[in-house]
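Notes to accompany the following structure.
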2 protein chains.
Amino acid sequence: MTVDPQVNSMHARLKEARKMAGLSQGQVAKLLGLHRPSVSEIEAGNRRVSADELSQLCDIYDISPDWVLGKSPETISPDDPKLELAARELAKLKPDDLSRLLKVIAAMRSSNDTGGEKI
Amino acid sequence: MTVDPQVNSMHARLKEARKMAGLSQGQVAKLLGLHRPSVSEIEAGNRRVSADELSQLCDIYDISPDWVLGKSPETISPDDPKLELAARELAKLKPDDLSRLLKVIAAMRSSNDTGGEKI
DNA sequence: CTTACTAGGTAAGATTATATTACCACTTGT
DNA sequence: ACAAGTGGTAATATAATCTTACCTAGTAAG
């Protein structure tokens with residue numbers, strides 16, 4: 001998802017997630033029962049987000065609260081013992097997600113991957 | 001972490017987590033920069049919790065936002081065959097691919113997707 | 001070029017929630 | 001009994017959000 005290390009604030013992540021979900025502020029506002037300016041101010045960092053709103057936004061955008069609040073590992077040092085970390089992360093996944101992930105892995109291995117493209 | 005099926009609301013989980021951490025409302029209030037009645041009302045479900053406050057509470061109680069918001073995924077049993085398969089596949093990845101994958105995992109965690117879409 | 005439509009940012013007054021102080025009851029220890 | 005600690009709740013002053021409105025930029029047609 002975010003692959004951009006400069007997206008480090010919650011409101012920026014929420015904005016990014018909305019765009020990734022292909023939704024407008026107005027659509028999100030309607031889903032949340034808010035007015036559009038409220039969504040605008042939230043994404044500008046000028047308005048707080050309640051825990052309930054955060055929960056709904058995570059459902060809408062299909063992201064996790066951990067990630068929105070910056071509790072998920074965002075950057076991994078290239079020379080870490082990454083396999084063990086990956087194993088720990090895998091254990092946290094739901095079975096369906098793990099199945100999806102296996103497909104991602106397969107796709108990665110079979111691609112020639114000239115680098116640079118986002119997931 | 002979990003466990004009491006009757007603890008199904010966020011404020012109840014926050015109260016439970018505070019007690020598990022062995023803290024009083026007054027101590028938490030001081031750590032959060034709030035007054036004690038605010039903590040009391042939060043745990044009674046009469047006051048909203050902002051995302052920032054939620055984040056701080058998770059740090060203080062050593063819990064995850066996913067759990068507080070009821071999005072904690074079922075974990076896969078450590079001896080799940082799919083987990084071993086995934087680990088073997090991960091070992092075949094190039095380092096850069098693995099780094100990218102870890103980010104995907106972080107974003108994917110606990111997202112509720114019954115939609116069965118392809119990746 | 002003009003019109004219309006969509007998306008998004010922002011201002012101002014009305015409305016609502018929170019902050020702050022205070023007082024209450026209960027418990028524990030002196 | 002007393003004091004200290006914990007937690008629930010009320011009243012009002014304060015701060016936040018809501019709601020409406022107006023503005024700009026971009027885009028697609030006429």
Side-chain angles (χ1 to χ4, degrees), chain A residues 1-63 65 67-70 118, chain B residues 1-63 65 67-71 107 117:
Chain A
M1 191 101 188
T2 227
V3 173
D4 189 344
Q6 291 175 312
V7 178
N8 48 3
S9 55
M10 183 191 65
H11 65 267
R13 280 188 288 266
L14 286 176
K15 183 166 190 168
E16 183 193 21
R18 176 179 57 79
K19 297 196 168 186
M20 294 238 175
L23 296 171
S24 69
Q25 290 182 347
Q27 289 173 310
V28 172
K30 192 161 193 174
L31 288 169
L32 280 188
L34 299 176
H35 288 74
R36 190 190 52 75
S38 298
V39 176
S40 178
E41 299 288 13
I42 285 171
E43 293 185 353
N46 297 328
R47 258 172 186 74
R48 304 202 291 173
V49 185
S50 76
D52 283 339
E53 291 163 347
L54 174 63
S55 181
Q56 292 181 74
L57 286 172
C58 286
D59 290 341
I60 293 169
Y61 300 154
D62 195 26
I63 55 180
W67 177 77
V68 176
L69 296 179
K118 292 176 182 175
Chain B
M1 173 78 102
T2 179
V3 195
D4 192 341
Q6 289 176 308
V7 179
N8 48 6
S9 55
M10 183 191 65
H11 64 267
R13 279 189 289 266
L14 286 177
K15 183 167 189 168
E16 182 194 29
R18 177 179 58 78
K19 297 195 169 187
M20 293 258 185
L23 296 171
S24 69
Q25 291 182 347
Q27 288 174 310
V28 172
K30 192 161 191 175
L31 287 169
L32 280 190
L34 299 176
H35 288 75
R36 190 191 52 74
S38 298
V39 177
S40 178
E41 300 286 17
I42 284 171
E43 292 185 356
N46 298 326
R47 267 175 178 67
R48 305 202 297 176
V49 185
S50 75
D52 283 339
E53 290 163 347
L54 174 62
S55 182
Q56 292 181 74
L57 286 172
C58 286
D59 290 340
I60 293 170
Y61 299 154
D62 195 26
I63 55 180
W67 178 77
V68 176
L69 296 180
K71 306 228 187 291
E117 81 286 15

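Residue numbers begin at 1 in each chain, while the letters A, B, ... track the order of the sequences.
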B/L23 or B/R48, whichever maps to the more 5' nucleotide of DNA chain D:
B/L23
Interatomic distance where CD belongs to B/Q27 and P belongs to D/dG5 [whole Å]:
11 Å
Classify A/K19 by what it touches in the nucleic acid, base, sugar-phosphate, or nothing, heavy-atom distance under 4.0 Å.
nothing
Nearest nucleotide by nearest heavy atom, which residue falls closer to the 5' end of DNA chain C, B/P37 or B/N46?
B/N46
For D/dC18 and A/H35 - does any side-chain N or O of the residue sit under 4.0 Å from the phosphate oxygens OP1/OP2?
no
Looking at B/R18, I'd like to know whether one of its side-chain N or O atoms comes within less than 4.0 Å of OP1 or OP2 on D/dG7.
yes
Quick one: B/K30 NZ to D/dG5 P, roughly how many Å, whole number?
12 Å
C/dT20 C1' sits how many Å from B/L34 CG, rounded?
12 Å
Looking at A/L23, is its backbone amide N or carbonyl O close enough to the side chain of A/R18 to form a donor-acceptor pair, meaning the two atoms are under 3.5 Å apart?
yes
Less than 4.0 angstrom between a side-chain N/O of A/K15 and OP1 or OP2 of C/dG9, yes or no?
yes
Compare side-chain N and O positions of A/S40 against OP1 and OP2 of C/dG9 and report whether any pair is under 4.0 Å apart.
yes
Can a side chain N or O of B/Q25 be found less than 4.0 Å away from OP1 or OP2 on D/dG8?
yes
Quick check: closest heavy atoms across A/Q25 and A/S40, and the distance to 0.1 Å?
OE1-CB, 3.5 Å
A/S38 side chain near D/dC18 phosphate (N/O to OP1/OP2, under 4.0 Å):
yes
Just verifying a value: how many Å separate A/K15 NZ and A/Y61 OH, rounded to the nearest 0.5 Å?
11.0 Å
Value in whole Å for how far the P atom of C/dG8 lies from CD1 of A/I42:
14 Å
Between C/dT18 atom C1' and B/L32 atom CG, what is the distance in whole Å?
14 Å
Without decimals, in angstroms, what is the distance between A/E41 CD and D/dC18 C1'?
11 Å
Measure CZ/B/R47 against C1'/D/dA15 and give the value in whole Å, please.
13 Å
Taking A/R13 for its side chain and A/V68 for its backbone only, find out whether a donor-acceptor pair lies under 3.5 Å.
yes
NA contact type, B/R36, heavy-atom cut-off 4.0 Å: base, sugar-phosphate, or nothing?
base
What does A/S24 touch in the nucleic acid at a heavy-atom separation under 4.0 angstrom: a base, only the sugar-phosphate, or nothing?
sugar-phosphate
Evaluate the criterion side-chain contact (heavy atoms from CB on, under 4.5 Å) for residue pair B/M20 and B/I63; output intermediate values, then yes/no.
CA-CA 10 Å; B/M20 293 258 185; B/I63 55 180; over 6 Å; no
